[in-house]
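Below, each value reflects all heavy atoms present in this structure, side chains not excepted, and no hydrogens, waters or symmetry copies. Lettering follows sequence order; numbering is per chain, from 1. As the structure is a prediction and not an experimental result, all values here were calculated from the model.
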Amino acid sequence: MVSTRRTASRRSESISLKAQRRRRAYLLVAPAIILIALMMIYPIIQTIYFSFSKVQLPALRTTFVGFDNFMRILNNPETGPLVQRTLVWIAGSVALKMALGLIAALVFNAKVRGTVWMRVLVILPWAIPSVVGANLWRWIVQTDAGVLNQTLRSWGLESWALNWLGDPSTAMFTVIVAYSWGGFAFVMLLILARLQGLPEDINEAARVDGANWWQIFRYITLPSLSGVLAVALILEIVSGMNSFDTLMIMTGGGPANATRIWGIDIYKTGFTEFNLGGAAAQSVLMFAAVIVVFSIYGGVNSRIARRQGEPA
Amino acid sequence: MRGVFGTRRQFLTAAATTALLAAANRAHSAQSNVITIWVGSWWEPQVPVAQQLWAKDFPNVRLNIQALPINGYLDKFTAAALGGSPPDVVDLDTTWVSTVAAQGLLETLDKLVDKVPVADLAPAVWKASQFKGTQYAIPMRSGPGVYYYNKTVFDKAGVPYPKDGWTYADLLDLARKTTIPGQQYGIGVPADISDPSNVLTLFAPILWAKGGDFITPDGSAPAINTPQSVAAITFWSDLYLKYKVTPEGTPNFTTTRDIQPLFEANKVGLLTSSSNAFDTFSKNPNLKWDMVLSPDGVNRGGGWTMGVPVGASNPDGAKEFLVWLSQPDILAKVLNRFPANKKALELPPWNNPAIAIFKEAEQGARSVPSVAGWFQMQEATIVELQKILVGQKSPQQAADSAAATIARIISENK
């Protein structure tokens with residue numbers, strides 16, 4: 001009887017100690033949780049609140065206007081072309097970054113001398129601040145005195161020397177190239193890390209069985225990379241949606257709005273027009289788009305995990 | 001009683017301590033003997049000069065002058081003002097004042113008017129520092145535009161240099177004669193939306209000289225699509241499209257990033273700018289250049305002017321600083337750009353004959369409209385101007401589109 005009481009008492013003490021430890025743990029992480037709430041959750045809530053309001057400066061006094069801000073966006077004839085340009089920007093930059101990243105990773109995965117230094121060299125654009133990179137590219141593609149056109153002209157390729165940033169038909173393409181140049185190394189690193197973890201024996205066995213490099217790539221390497229490719233894809237899509245600095249520095253959204261995408265439009269609505277309610281509504285729509293992308297990613301990821309017999 | 005975050009007493013003690021610290025911090029800011037001033041990065045070398053001169057007159061108050069990059073300068077100010085932590089004094093481009101004042105982000109400075117030497121100030125900058133008849137800023141720097149010409153470009157083409165009293169017809173003639181396609185161009189035309197002030201430095205004087213304007217004098221309607229304005233727009237766009245006397249990259253060109261380097265490389269013959277370009281070109285010993293007043297005697301009178309943001313923690317100190325800096329002898333020593341006070345211009349280093357042209361240019365300086373929503377109006381105008389350059393619209397179509405947007409902005413700001 002006494003023994004049972006002692007055991008119960010010890011168990012009770014043990015539970016109490018665990019509870020105390022848990023409380024201390026919560027106490028220790030509380031500053032981080034408060035910080036996250038202040039820095040992330042509060043702005044999101046405020047943005048959603050602003051998106052249904054007319055916001056008057058400087059005291060940020062709000063008047064509830066329901067869906068007015070959203071209706072204005074939907075009724076604005078510029079919204080369609082804006083969304084279209086944003087999709088072109090995202091698709092173009094993501095495709096280019098993924099392609100360059102994959103090719104570079106496959107090349108630098110080769111076990112030959114010098115690839116380590118080449119990798120460092122390729123990573124450099126990613127390490128350069130985007131502001132510097134954008135100005136560098138602006139300098140390169142400058143129509144009259146830029147390095148690119150000067151080189152083309154010196155090679156006798158006069159007709160290839162275009163008005164890269166001054167012509168709406170080439171401006172978006174040029175900025176996509178500049179942006180992808182600065183970011184493809186990240187995709188390369190992700191893929192390269194996965195490639196280096198893959199056992200070489202499977203490839204060897206396939207070669208012994210007579211598989212050529214394309215068959216090895218198509219049926220062994222690519223399926224092994226599906227997870228990391230999906231992660232890279234999702235990160236790059238979100239990054240493309242949020243992009244701002246490269247476009248702003250290289251073209252400011254011009255010429256004639258040819259490179260004005262959603263992010264730049266939000267900035268101009270907020271800081272040029274001082275229409276914080278309108279900018280908030282645009283931000284909420286972008287936030288919703290990001291959530292949709294993540295949901296699709298989550299769904300696809302779960303399906304892949306289930307197919308591979310892993311817990312989803 | 002113990003909760004998740006410890007005892008209630010512990011929690012209350014922590015909360016009270018935090019509140020006390022915050023209150024103490026606020027009290028410290030309010031009674032602080034510091035005046036925080038935001039200025040553009042060109043102020044950097046002048047910061048110690050200003051601080052030393054100030055310290056002689058006000059030894060107990062410290063000037064915290066922050067020289068910030070021009071890119072994102074206004075956005076940073078707006079964000080700080082909205083976040084409740086603006087500086088005590090903010091230096092503003094004259095084209096920004098009306099928009100920022102209309103949003104209620106600046107204090108009125110009518111009471112300072114009697115304390116500053118108004119009669120000596122550049123009229124265009126003084127006018128641009130007002131909004132709806134109220135003074136929102138005190139001008140310190142003036143920026144009348146002049147034309148810089150590259151002697152090497154003119155000499156190569158065997159063309160005489162431009163002279164005061166020239167007209168826009170002369171400008172076109174000189175630009176055509178000095179252009180050698182693929183080698184050098186007669187004039188640099190900024191048209192990039194990211195640098196609206198410099199776009200207007202060239203475009204607005206053409207508009208005004210041809211009898212056009214952005215809006216009517218009473219600000220009640222657009223004037224950008226009147227026949228005179230359309231004639232001016234046509235003249236401006238023809239420089240690129242019809243006569244091809246500007247570089248190929250014009251639709252995406254800014255003055256400082258593109259045209260000035262081309263000018264220094266002897267590839268552009270003429271460019272418009274304020275005294276900013278004077279400083280840059282003076283440092284280039286290989287460049288042969290000079291200046292001439294703008295054609296038809298009208299130029300865009302830009303400049304920088306200082307305001308006190310709503311919510312500044314030391315507004316009294318800020319106003320004291322503005323009165324102090326506006327005195328000619330102080331202004332002449334502190335500024336490293338053309339002062340907006342004619343008495344300061346009679347003092348060294350501003351009495352240098354090499355820059356006397358800027359004093360003459362003051363006579364023909366005119367400011368852009370000081371109305372609510374001006375940012376939007378100028379952006380709408382420049383985007384439409386770009387549409388002409390890239391072949392999407394005719395001058396009349398672009399002018400009509402800009403006018404429709406300006407009309408909407410006027411009605412929204414009534």
Side-chain angles (χ1 to χ4, degrees), chain A residues 19-20 22-28 30 33-34 55-61 78 131 135 138-139 141-146 149 153 158 161-169 171 174 245 247-260 264 267-276, chain B residues 2-6 10 71-72 74-75 78-79 81-82 84 86 99-100 102-106 182 185 191-196 240 247-254 257-258 261-262 265 267-268 309-311 373 375-376 378-379 382-393 398 409 412:
Chain A
Q20 273 186 12
R22 201 176 301 140
R23 277 188 211 118
R24 279 188 200 133
Y26 278 124
L27 196 64
L28 287 170
I33 291 171
I34 293 168
V55 185
Q56 283 175 303
L57 303 177
L60 299 180
R61 273 200 309 275
E78 293 294 320
V131 176
N135 275 313
R138 208 172 184 280
W139 188 36
V141 299
Q142 213 260 26
T143 309
D144 304 275
N149 278 0
R153 284 178 186 131
E158 186 72 31
L162 304 174
N163 192 357
W164 300 103
L165 294 176
D167 185 336
S169 61
T174 309
D245 43 6
L247 278 157
M248 198 63 194
I249 290 161
M250 288 186 74
T251 62
N257 288 340
T259 58
R260 185 165 170 149
I264 290 186
Y267 164 80
K268 293 203 171 181
T269 306
F271 286 97
T272 305
E273 298 175 19
F274 291 97
N275 176 4
L276 296 188
Chain B
R2 295 183 75 90
V4 173
F5 300 112
Q10 281 172 330
N71 283 338
L74 187 62
D75 311 339
T78 310
L82 296 178
T99 306
V100 177
Q103 297 297 329
L105 296 175
L106 292 177
Y185 293 89
D192 192 305
I193 189 69
S194 66
D195 187 18
Y240 175 69
E248 285 176 67
T250 295
N252 193 46
F253 267 12
T254 71
R257 267 192 317 210
D258 303 289
L262 287 172
K267 285 178 179 292
V268 159
V310 168
F375 275 7
Q376 286 171 270
Q378 75 177 10
E379 172 148 322
I382 294 170
V383 167
E384 292 302 329
L385 289 176
Q386 284 189 327
K387 287 182 180 173
I388 305 169
L389 298 188
V390 301
Q392 290 179 359
K393 284 186 179 174
I409 296 163
E412 282 175 359

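Residue B:D258 holds its CG atom at 8.5 Å from CG of A:D144, rounded to the nearest 0.5 Å. Residue B:I193 holds its CD1 atom at 11.0 Å from CD1 of A:I264, rounded to the nearest 0.5 Å. In this structure, the separation between CG on B:L105 and CZ on A:F274 is 6.0 Å, given to the nearest 0.5 Å.
For chain B, the nearby parts of A:E273 are the backbone and the side chain; heavy atoms of each come within less than 4.5 Å. The part of B:D192 that comes within reach of chain A is its side chain, from C-beta onward, which places non-hydrogen atoms under 4.5 angstrom from that chain. Neither the backbone nor the side chain of A:N149 comes within contact range of chain B; no heavy atoms are under 4.5 Å apart. With a threshold of 4.5 angstrom between heavy atoms, B:E379 approaches chain A through side-chain atoms but not through N, CA, C or O. With a 4.5 angstrom heavy-atom cutoff, B:Q392 touches chain A only via side-chain atoms. In this structure, the portion of A:L276 lying under 4.5 Å from any heavy atom of chain B is its side chain and not its backbone.
Side-chain atoms of B:L74 and A:F271, non-hydrogen and from C-beta on, never get closer than 4.5 Å to each other. When side chains are defined from C-beta on, A:R138 counts as touching B:T254, because their heavy atoms get closer than 4.5 Å. Using a 4.5 Å heavy-atom cutoff, the side chains of A:W139 and B:R257 are not in contact.
Looking at every heavy atom in both residues, A:A256 comes nearest to B:Q386 through N-OE1, 2.8 Å. B:V390 approaches A:G166 most closely through the heavy-atom pair CG1-O, 3.6 Å.
Heavy-atom pairs under 4.5 Å with chain B peak, among A:M250, A:M248, A:K268, at A:K268. Contact count against chain A (heavy-atom pairs under 4.5 Å) is highest for B:E248 among B:E384, B:K393, B:E248, B:E412. Chain B forms the most heavy-atom pairs under 4.5 Å with one residue out of A:S169, A:G252, A:P255, and that residue is A:P255.
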